[in-house]
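Values in this document were obtained by computation on a predicted structure and should not be read as measured data.
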Amino acid sequence: MALYSDKVMDHFQNPRNVGKMDDADGIGEVGNAKCGDIMRMYIKVRDGIIVDCKFNTFGCGSAIATSSMATELIMGKPVEDALKLSNQAVVEALDGLPPQKIHCSVLAEEAVQAAVKDYYDKNGIEYDPSLFKPMHNCEACEG
């Protein structure tokens, strides 16, 4: 059995929505210096819908693939739905990840949440802070 699914390899070799967005409505950056993965997520919102999404990721193939898939999963969705994106949904959409790479999907989830929070903050939109999970402690990176 291959270590990575065909979908992971496809999103790593042909990432979707990669790049910088100069006029983003929300920007979220997350990362962990111990594992070296850093993700920056950009969202453009119109009438409450994410109409464009881009990312820049410095990290391994799984980090790039999870960032790419996360953009695909939130594009065209209401901002509130983007907050519901879980790392498990990213993993499932990629047909799985090796256990030691699950933390990459957590970073993708956190990057989306950070971008939404930035959008809310910039636009004075009130929100329930409990909607935002605390940033994880990358256990896979501890050592």
Task: ILVMFWY cluster membership beyond Tyr42 - transitive side-chain contacts under 4.5 angstrom - done: Met21, Ile27
Task: Euclidean distance, Gln88 CD relative to Glu92 CD, rounded to 0.5 Å - done: 4.5 Å
Task: Donor-acceptor pair, side chain of Asp95 and main chain of Val8, under 3.5 angstrom - done: no
Open item on the list: To the nearest 0.5 Å, what is the distance between CE on Met75 and CG on Asn17?
Closed with: 3.5 Å
Open item on the list: Checking side chain to side chain contact (heavy atoms under 4.5 Å, CB included) between Ser67 and each of Asn56, Thr57, Leu107, which is the one that passes?
Closed with: Thr57
Task: Validation row: Val79, Tyr119 side chains within 4.5 angstrom (heavy atoms) - done: yes
TODO: Enter the distance from Thr71:OG1 to Met41:CE here, rounded to the nearest 0.5 Å.
DONE: 6.5 Å
Task: Partners passing side-chain hydrogen bond (donor to acceptor under 3.5 Å, both in side chains) against Asp23 (at least two apart in sequence or in another chain) - done: Lys44
Open item on the list: Does this structure show an ion pair linking Asp25 with Arg46, if we count only N-O contacts that are shorter than 4.0 Å?
Closed with: yes
Task: Distance in Å, Glu72 CD paired with His11 NE2, rounded so as to fall on 0.5 Å steps - done: 5.0 Å
Open item on the list: Which heavy atom of Ala82 sits nearest to which heavy atom of Val116, and what is that distance?
Closed with: CB-CG2, 4.1 Å
Task: NZ/NE/NH1/NH2 to OD/OE distance under 4.0 Å, Lys84 and Asp81 - done: yes
Task: 4.5 Å side-chain heavy-atom contact, Phe12 and Ser62 - done: no
Task: hydrophobic_cluster_shared for Ile102 and Leu3, side chain cutoff 4.5 Å - done: yes
TODO: Decide, yes or no, whether a salt bridge links Asp22 with Lys54 under the criterion of side-chain N to carboxylate O below 4.0 Å.
DONE: no
Open item on the list: Is the shortest side-chain heavy-atom distance between Val30 and Ile38 below 4.5 Å?
Closed with: no
TODO: Go through Ile49 and Lys77 one step at a time and tell me if the side-chain contact (heavy atoms from CB on, under 4.5 Å) criterion holds.
DONE: CA-CA 5 Å; Ile49 305 294; Lys77 301 278 195 307; over 6 Å; no
Task: Side-chain heavy-atom pair Asn87, Glu110 within 4.5 angstrom cut-off - done: no
TODO: State, with a plain yes or no, whether a side-chain heavy atom of Ser105 is found less than 4.5 Å away from one of Leu97.
DONE: yes
TODO: Begin from the C-alpha positions of Arg40 and Phe58 and carry the test side-chain contact (heavy atoms from CB on, under 4.5 Å) through to its verdict.
DONE: CA-CA 9 Å; Arg40 181 176 281 176; Phe58 178 82; over 6 Å; no
Open item on the list: For Arg16 and Asp10: C-alpha separation, side-chain torsions, deciding distance, then whether side-chain contact (heavy atoms from CB on, under 4.5 Å) applies.
Closed with: CA-CA 10 Å; Arg16 281 59 152 188; Asp10 183 38; 2.5 Å; yes
- [ ] For residues Met39 and Ala111, report the shortest heavy-atom separation together with the two atoms involved.
- [x] CB-CB, 4.2 Å
TODO: Answer yes or no: is there a side-chain heavy-atom contact under 4.5 Å between Asp52 and Ile43?
DONE: no
Open item on the list: If hydrophobic clusters are built by linking Ile, Leu, Val, Met, Phe, Trp and Tyr wherever their side-chain heavy atoms come under 4.5 Å apart, do Met69 and Val18 end up in the same one?
Closed with: yes
- [ ] Hey, could you give me the CD/SG distance between Gln100 and Cys60, rounded to the nearest 0.5 Å?
- [x] 10.0 Å
I'd like a table of donor-acceptor pairs (distance under 3.5 Å, sequence neighbours excluded) in which one partner is a side-chain atom from residues 124-132, with atom names and distances.
from	atom 1	to	atom 2	distance (Å)
Tyr127	OH	Lys117	NZ	3.1
Tyr127	OH	Asp121	OD1	2.9
Asp128	OD1	Ser130	N	2.9
Asp128	OD1	Ser130	OG	2.9
Asp128	OD2	Ser130	OG	2.9

Task: Flag side-chain contact, heavy atom, 4.5 Å: Phe55 against Thr66 - done: no
